[in-house]
Amino acid sequence: MASFSMEDFVGHGALKELLPRLIEEGWDDVPTLKIMNAEDMDAVSMTQQQKDALEMRAYLHDRALLQYGDRLEASGRSLPQLLNLSTSDLSSQFGMKRGHVARFMDRTNACADPLPKSYMVSAQGGSHADKPSRTNSMYKSLSSANFRKMSVTRLSMRSTGSNDRSLEKTLSDLRIKDGHVFRGIVAAGPAEPRACGCVNAPPVTNQIAPYSAIENISVQKLAPEHKIAMERLVKIRTPPMKASELWQDKPAIFLCMRRPGCIMCRAEAYQLYSKKPIFDALGVQLFAVLHEHIESEVKDFWPRYWGGAVLYDPGMEFFKALGGGKLLKDKFLSGFLLNPIAIANYKRAKAIGVKQNFKGEGEIKGGLFMVGSGKSGIAYQFIERNFGDWAPLAEVVEICSQLQNHYLNQGEPSHEYE
């Protein structure tokens, strides 16, 4: 099970009693909580039992196995000790399914940043001193109370400590190779012929959408950014609003989803929101956009696979803008069954371990917009050419970084991207 609900993440174990303190200190969403390091844990007076619980639950969350959190924690074993158990022990003692056992034991699982090679478990299970630092993983190195509260302005200042260096290292790890030219619109997969060349991929526009195409879009907020005890707020109907109000003061990413029950859409949303601390530090907001409102689908999607705000675009204007003024559609037969790229995308998403359903319209392609603050326009646009294409994370982070640097150098938003 994957979930960005704080209640699901902490379960009924040792972390539950610490929730009020965590919320008070600003550790109030799952991606941020997962980047706590040893210093941060000491600052909130975590016991060793609670530290072990956080390490284990973060590992399970990366592999979409949270449903085993309470049982594993109740065993009293640390994560290294659990990883040292045999597959038969995990199955018999904790009721773990065979496929889940394989995912649990695979420390390079595609669901998450892999554990470093130095993460070795001794035959005796190891001691706490044998455990790796929680700062070893790629984005866990971002952790610290100062980084968590860092504003865009503070982030731009000269490096004054390990927090700034950690962010620089993370961006360096994610940054694409020198010499790449951002085209504004990027299709993750090539437009390869399908069915032995009998079927061609649908054409996509090669021009970035003008700002006027999204400026006056009317949207309705279906769910807010998730914080603890917020589940019921999804039932509150909010009045329509202009989408431009959302990026008036801060840049924003809009993930336009083909269907919230689609396994590939859920996996993309899950991966993107998992990197929320990086986008927080860069001053970029995250929104998911749906083109149809099925209340049960929203409740199943949020906050399990996406903890950010969810918007409803009744006129499908964001989706039309992605297609150059018209909806980009594809058929299940030609777009999926006869498309090897889409099938590969499906297998990639399935490896993450999310569930799926087939409710709702699934032929309208989605994508992603990154919009600068004010009226500076669309900085980046990604089109889902093949079912399940994801916007490359390195590219998204790089554009966010460029946006931030541009605003800091200019002092105020410009119209560069119009």
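These numbers come from a predicted model, not from an experiment.
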Taking salt bridge (Lys or Arg N to Asp or Glu O under 4.0 Å) as the definition, give me every residue that meets it alongside [X], ordered by chain and number, with sequence neighbours left out.
{"X": "Glu297", "answer": "none"}
{"X": "Arg258", "answer": "Glu384"}
{"X": "Arg71", "answer": "none"}
{"X": "Lys320", "answer": "Glu317"}

message = Please find the pair of heavy atoms, one from Pro31 and one from Asp29, that lie closest to each other, and give the distance.
response = CD-OD1, 3.2 Å
message = Under a plain distance cut-off of 3.5 Å, with no hydrogens placed, do Gln356 and Tyr346 share a side-chain donor-acceptor pair?
response = yes
message = Test side-chain contact (heavy atoms from CB on, under 4.5 Å) on Trp27 and Asp40; report intermediate values, then the result.
response = CA-CA 10 Å; Trp27 304 99; Asp40 300 322; 3.7 Å; yes
Set of side-chain contact (heavy atoms from CB on, under 4.5 Å) partners for [X], sequence neighbours left out:
{"X": "Ser212", "value": "Pro210"}
{"X": "Ser88", "value": "Ser86"}
{"X": "Thr87", "value": "Val101"}
{"X": "Glu215", "value": "Tyr211, Lys375"}

message = Does atom CD (Glu39) have a neighbourhood of more than 12 heavy atoms from anything else shown, all under 6.0 Å?
response = no
request  = Tell me whether the centres of the aromatic rings in Phe4 and Tyr270 are closer together than 6.0 Å.
outcome  = yes
Kindly list each side-chain donor-acceptor pair under 3.5 angstrom involving residues 363-372, sequence neighbours excluded, with atom names and distances?
unit_1 : atom_1 : unit_2 : atom_2 : d
Lys365 : NZ     : Asp330 : OD2    : 3.4
Lys365 : NZ     : Arg385 : O      : 2.4

task = Return the set of residues passing ring-ring contact (aromatic ring centres under 6.0 Å, His included) with Phe387 (not counting sequence neighbours), or none when no residue passes.
result = none
request  = Could you tell me which residues satisfy ring-ring contact (aromatic ring centres under 6.0 Å, His included) with Phe287, sequence neighbours excluded, listed by chain and number?
outcome  = Phe254
Salt bridge or not between [X] and [Y]? Use side-chain N to carboxylate O under 4.0 Å.
{"X": "Glu25", "Y": "Arg21", "result": "yes"}
{"X": "Arg57", "Y": "Asp70", "result": "yes"}
{"X": "Lys34", "Y": "Asp62", "result": "yes"}

Which atom pairs, one a donor and one an acceptor, fall under 3.5 Å between side chains of residues 9-18 and the rest of the protein, sequence neighbours left out?
unit_1 : atom_1 : unit_2 : atom_2 : d
His12  : ND1    : Lys16  : NZ     : 3.4

query = Parallel, tilted or perpendicular: which fits the ring planes of His293 and Tyr312, with parallel below 30° and perpendicular above 60°?
reply = tilted
inquiry  = For the backbone of Asn357 and the side chain of Arg259, can you confirm whether one donor and one acceptor N or O come within less than 3.5 Å of each other?
reply    = yes
